[in-house]
Trainee: 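One structure, as structure tokens, below. Some questions next.
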Amino acid sequence: MELCISSSTKLLNKNPCRPPHTLICSTSASSLRNPVLQFKHRPFGSLKLLSPSRLIHYLQPLPFPRNPCHFAASASSSSSSSSSVALGNEKEDRLPADIEVEETEEPNCRVRLSVQVPPAVCEDCYNRVINEFMKKAKVPGFRPGKIVPESILVNYVGKKNVQKATVESILKRTLPHAMSSVTGTALRDSVRIVTKFSEMEQTYSSLNSLRYDVIVDVAPQVKWVPENGYKNLKIVVEIDSDIDAQRASDQELRRRHKSIGLLRIVTDRGLQIGDVAVLDISATTMDQDEVQKIPSAESKGFHFDTEDGGKVLPGFLDSIIGIQGGETKTFPLVFPESWKQENLRGIHAQFTVECKELFYRDLPELDDSLSDRLLHGCTTLKQVKESLLQRYLEVEQTAREQATDNAILDQLQKMVEVDVPQSLFEEQGRQLYGAKLLEIQANVKLNEQQLASLSSPKAVNEFLEHQKDNILNAIKQNLAVGDIYKRENLQFSADELVKEVENSITEFKRQRQEYDEERIREQVQEIMEGAKVLEWLREHAEIQYITR
């Protein structure tokens, strides 16, 4: 019965974009090749990266190229460049004349580069294209390798095809030079030539020169408010009482004890704490013009353990105490403002509950004789209690650390001001959506049709729109973490990095999945940088823990 389940959010899963017990960290702002990386909070010795999945292949590509766009340059000027610039791993390619580049800053960390290519460069590119066609084209009447007159070659290949190839050659050779002013700050996969190809063809055809505009997103600058505020963090961490080790171990012992006992039918009294009731439940609205059923409150044959009364709608348990088998009770309840279903918050409802069956537990005496049944291998009740407590102490410590890290990250994103480029927003959102699909697939086996539907452009875009604030907050967290890593000159050893890369590759091989070693290295490095920042912040922050 969904309406009778506790509405409290367990400690760390405040961000609906984020899987439980998951942190989001990033590499430094100067290396934003993968601005977002999700990782499990666990000792580095057991680090595991998210493995590739067929789910990811369903996600539609971004509206800009997915191949890396790393520019290496020895720039001499921000407005023009005749220096040697390489795109990717291509060899240096000097131009016969300077190109002119006008740089204009636009909102959201976007730069427009207006590129003017002189006739000398266009002519050189044309000659290269002709030479390539000369080598490859098999012109009738000419033996391979023989020089073909230019006019005959152009007529054979087609003037339009030569023109297209020339424009493409111009773009390929001049773009790296044009990008030299944003080398080191341009975000991967964000470069877009916005001038229509047809317009470039027309300009080249009529003027023997070329002009085109390039839009590129650059790494955003992080502004701290107040400046260096991260150095004096004051964090309040809310810890759910359910993770208290002693309380949790006592509850687990009680659960195991109850599993050994027998359920017997109650015949001579009403419902008491400790009983189990089989209930038929329904509810209708009370404070609306038209009475309506609340479908999610309807439940037939609901097995209700009264010892779980704290997990149901407030007042529900008190309202049915004393109910007998075969009896029906009707009573009003109000959904609290903190209820997880927003449309029910504050709603006055009329509940009708029929008790179908009523049981009490016949439990054996809790002593050493039950030890092995309670926990295999134990010979005394004391051993059982100590073992359970130790388990939950580890759980409590992990949860406390996770809650602390999440509280720190939440605080960081509130202290930074940053303009987020659209490409960075979409990349972050798609990674989070991919992680969400992985989580769904892990819990519910989806068929190919369901995967295709969930991975459609419409589904992805709806997720980006609905989760916009959460995505932006995650980006701010990542950029803040990266900025701190750079400012505080934090480091980790090369041996640690190598070890974790090897562990991750081993895991991919064990899962028989393809992997990119360079990408794994990037991810591991980002994880380790983020962990170093959180470690540093925990040491320097003033942290107060509150149990709720």
Side-chain angles (χ1 to χ4, degrees), residues 1-8 10 240-283 296-331 333 340 351-396 399 443-444:
M1 183 186 65
E2 186 176 354
L3 294 182
C4 289
I5 300 300
S6 173
S7 63
S8 63
K10 294 302 179 182
D240 198 308
S241 59
D242 286 347
I243 71 160
D244 177 77
Q246 187 62 61
R247 176 176 175 176
S249 62
D250 289 343
Q251 289 177 340
E252 177 62 15
L253 179 62
R254 176 62 177 169
R255 186 192 67 78
R256 292 176 180 235
H257 186 205
K258 289 194 296 186
S259 69
I260 297 174
L262 300 174
L263 288 178
R264 301 192 184 278
I265 298 175
V266 175
T267 58
D268 56 351
R269 61 172 176 79
L271 180 69
Q272 297 178 354
I273 300 296
D275 292 342
V276 175
V278 180
L279 308 174
D280 284 352
I281 305 170
S282 62
S296 54
E298 293 185 0
S299 181
K300 298 290 185 180
F302 175 62
H303 284 66
F304 176 52
D305 187 339
T306 54
E307 291 188 359
D308 294 332
K311 298 180 180 180
V312 299
L313 186 66
F316 182 84
L317 175 58
D318 291 340
S319 298
I320 64 171
I321 287 294
I323 193 172
Q324 296 188 11
E327 183 181 357
T328 298
K329 281 193 173 184
T330 300
F331 49 89
L333 289 177
K340 63 180 178 180
F351 277 82
T352 300
V353 176
E354 180 183 359
C355 182
K356 308 296 289 187
E357 294 180 275
L358 189 58
F359 302 92
Y360 71 94
R361 285 194 171 88
D362 186 4
L363 300 178
E365 185 176 352
L366 190 60
D367 55 25
D368 290 347
S369 65
L370 298 179
S371 300
D372 189 62
R373 296 176 67 187
L374 292 169
L375 187 61
H376 183 67
C378 292
T379 57
T380 66
L381 187 59
K382 182 179 180 181
Q383 278 185 319
V384 174
K385 292 180 178 180
E386 290 176 348
S387 296
L388 291 177
L389 179 59
Q390 183 59 40
R391 291 184 185 182
Y392 281 98
L393 282 172
E394 294 174 2
V395 172
E396 178 183 346
N443 296 325
V444 181

Trainee: For Asp250, run the side chain to side chain donor-acceptor pair (under 3.5 Å) check against Gln246, Arg247, Arg254 and tell me which one passes.
Mentor: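 With Asp250 as partner, side chain to side chain donor-acceptor pair (under 3.5 Å) holds for just one option, Gln246.
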
Trainee: Taking the side chain as every heavy atom from C-beta outward, state whether Ile281 and Phe304 have any atom pair closer than 4.5 Å.
Mentor: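 Side-chain contact under 4.5 Å: no.
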
Trainee: List the atom of Ala283, the atom of Ala297, and the distance in Å for their closest heavy-atom pair.
Mentor: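 Closest heavy-atom pair between Ala283 and Ala297: CB-CB, 3.8 Å.
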
Trainee: Atom CG of Asp280 and atom NZ of Lys356: how far apart are they, to the nearest 0.5 Å?
Mentor: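 If we round to the nearest 0.5 Å, Asp280:CG and Lys356:NZ are 5.0 Å apart.
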
Trainee: Salt bridge (charged side-chain N to carboxylate O under 4.0 Å, His left out) with Arg391: which residues, sequence neighbours excluded?
Mentor: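 Testing Arg391 for salt bridge (charged side-chain N to carboxylate O under 4.0 Å, His left out), a comparison that skips the adjacent residues, returns none.
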
Trainee: Which residues pass the side-chain hydrogen bond (donor to acceptor under 3.5 Å, both in side chains) test with Lys258, not counting sequence neighbours?
Mentor: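 Counting only residues at least two positions away or on another chain, Lys258 forms a side-chain hydrogen bond (donor to acceptor under 3.5 Å, both in side chains) with Asp305, Glu307.
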
Trainee: Who pairs with Arg255 by salt bridge (charged side-chain N to carboxylate O under 4.0 Å, His left out), at least two apart in sequence or on another chain?
Mentor: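 If we apply the salt bridge (charged side-chain N to carboxylate O under 4.0 Å, His left out) test to Arg255, skipping adjacent residues, the hits are Glu252.
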
Trainee: Quick one: do Leu279 and Ile320 satisfy side chain to side chain contact (heavy atoms under 4.5 Å, CB included)? Show the steps, please.
Mentor: CA-CA 10 Å; Leu279 308 174; Ile320 64 171; 4.0 Å; yes

Trainee: Distance-only, no hydrogens or angles: does the His257 side chain make a donor-acceptor pair with backbone N or O of Glu365 under 3.5 Å?
Mentor: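 No; judged by distance alone, with no hydrogens or angles, the pair does not exist.
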
Trainee: Sequence neighbours left out, what passes side-chain contact (heavy atoms from CB on, under 4.5 Å) with Leu393? Give chain and number order.
Mentor: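 Leu393 satisfies side-chain contact (heavy atoms from CB on, under 4.5 Å) with Ala245, Leu389, Gln390, Glu396 once adjacent residues are dropped.
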
Trainee: Quick one: closest heavy-atom pair of Val278 and Gly301, and the distance?
Mentor: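 Val278 and Gly301 have their closest heavy atoms at CG1-CA, 3.8 Å.
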
Trainee: Output the distance between atom CG (Leu263) and atom CG (Leu358), rounded to the nearest 0.5 Å.
Mentor: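 Result: 10.5 Å between the selected atoms.
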
Trainee: Locate the shortest heavy-atom distance separating Leu374 from Leu366; write the atom from each residue and the value.
Mentor: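 For Leu374 and Leu366, the tightest heavy-atom pair comes out as CD1-CD1, 3.7 Å.
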
Trainee: Only counting residues at least two apart or in another chain, list the ones meeting side-chain contact (heavy atoms from CB on, under 4.5 Å) with Ser282.
Mentor: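 Partners of Ser282 by the side-chain contact (heavy atoms from CB on, under 4.5 Å) criterion, ordered by chain and then number, come out as Glu298, Thr352.
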
Trainee: Passes side chain to side chain contact (heavy atoms under 4.5 Å, CB included), Val395 versus Ile243? Steps please.
Mentor: CA-CA 7 Å; Val395 172; Ile243 71 160; 5.6 Å; no

Trainee: Compare all side-chain heavy atoms of Phe359 with those of Ile265 and state whether any distance is below 4.5 angstrom.
Mentor: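 A side-chain contact under 4.5 Å exists here.
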
Trainee: Ignoring hydrogens, what is the shortest heavy-atom contact between Ser249 and Tyr392? Give both atom names and the distance.
Mentor: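 The pair with the smallest heavy-atom distance is CA-CD1, 3.8 Å.
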
Trainee: Who are the side-chain contact (heavy atoms from CB on, under 4.5 Å) partners of Ser369, not counting sequence neighbours?
Mentor: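 side-chain contact (heavy atoms from CB on, under 4.5 Å) check on Ser369 returns Asp367.
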
Trainee: Is there a donor-acceptor contact under 3.5 Å from the side chain of Ser387 to the main chain of Val384?
Mentor: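 Looks like no, no N/O pair under 3.5 Å.
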
Trainee: Any side-chain heavy atom of Leu370 within less than 4.5 Å of one from Pro364?
Mentor: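 Answer yes - side chains close enough.
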
Trainee: Using the side-chain hydrogen bond (donor to acceptor under 3.5 Å, both in side chains) criterion, which residues pair with Asp362? Sequence neighbours excluded.
Mentor: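 Here the qualifying residues are Arg264.
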
Trainee: Atom OG in Ser259, atom CZ in Arg373: separation rounded to 0.5 Å?
Mentor: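 So the gap between those two atoms works out to 8.5 Å.
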
Trainee: Hey, could you give me each pair passing salt bridge (Lys or Arg N to Asp or Glu O under 4.0 Å) that has a residue in residues 265-274? Not counting sequence neighbours.
Mentor: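 Residue pairs passing salt bridge (Lys or Arg N to Asp or Glu O under 4.0 Å), neighbours aside: Arg269-Asp275.
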
Trainee: Could I get the full list of side-chain hydrogen bond (donor to acceptor under 3.5 Å, both in side chains) partners for Thr306, not counting sequence neighbours?
Mentor: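 With neighbours one apart ignored, the set is empty.
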
Trainee: To the closest 0.5 Å, what do you measure between CZ (Arg361) and CD1 (Ile260)?
Mentor: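 Here the rounded value is 12.0 Å.
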
Trainee: Does the side chain of Val266 come within less than 4.5 Å of Gln272's, by heavy atoms?
Mentor: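 No, their side chains stay 4.5 Å or more apart.
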
Trainee: Taking side-chain hydrogen bond (donor to acceptor under 3.5 Å, both in side chains) as the definition, give me every residue that meets it alongside Thr379, ordered by chain and number, with sequence neighbours left out.
Mentor: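 In terms of side-chain hydrogen bond (donor to acceptor under 3.5 Å, both in side chains), with neighbours along the sequence ignored, Thr379 is linked to Gln383.
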
Trainee: For Ile321, check side-chain contact (heavy atoms from CB on, under 4.5 Å) against everything at least two apart and list the hits.
Mentor: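 Residues passing side-chain contact (heavy atoms from CB on, under 4.5 Å) with Ile321: Ile273, Leu317.
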
Trainee: Under the side-chain hydrogen bond (donor to acceptor under 3.5 Å, both in side chains) definition, can you give me all pairs with a residue in residues 312-330, not counting sequence neighbours?
Mentor: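 Pairs touching residues 312-330 that pass the test: none.
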
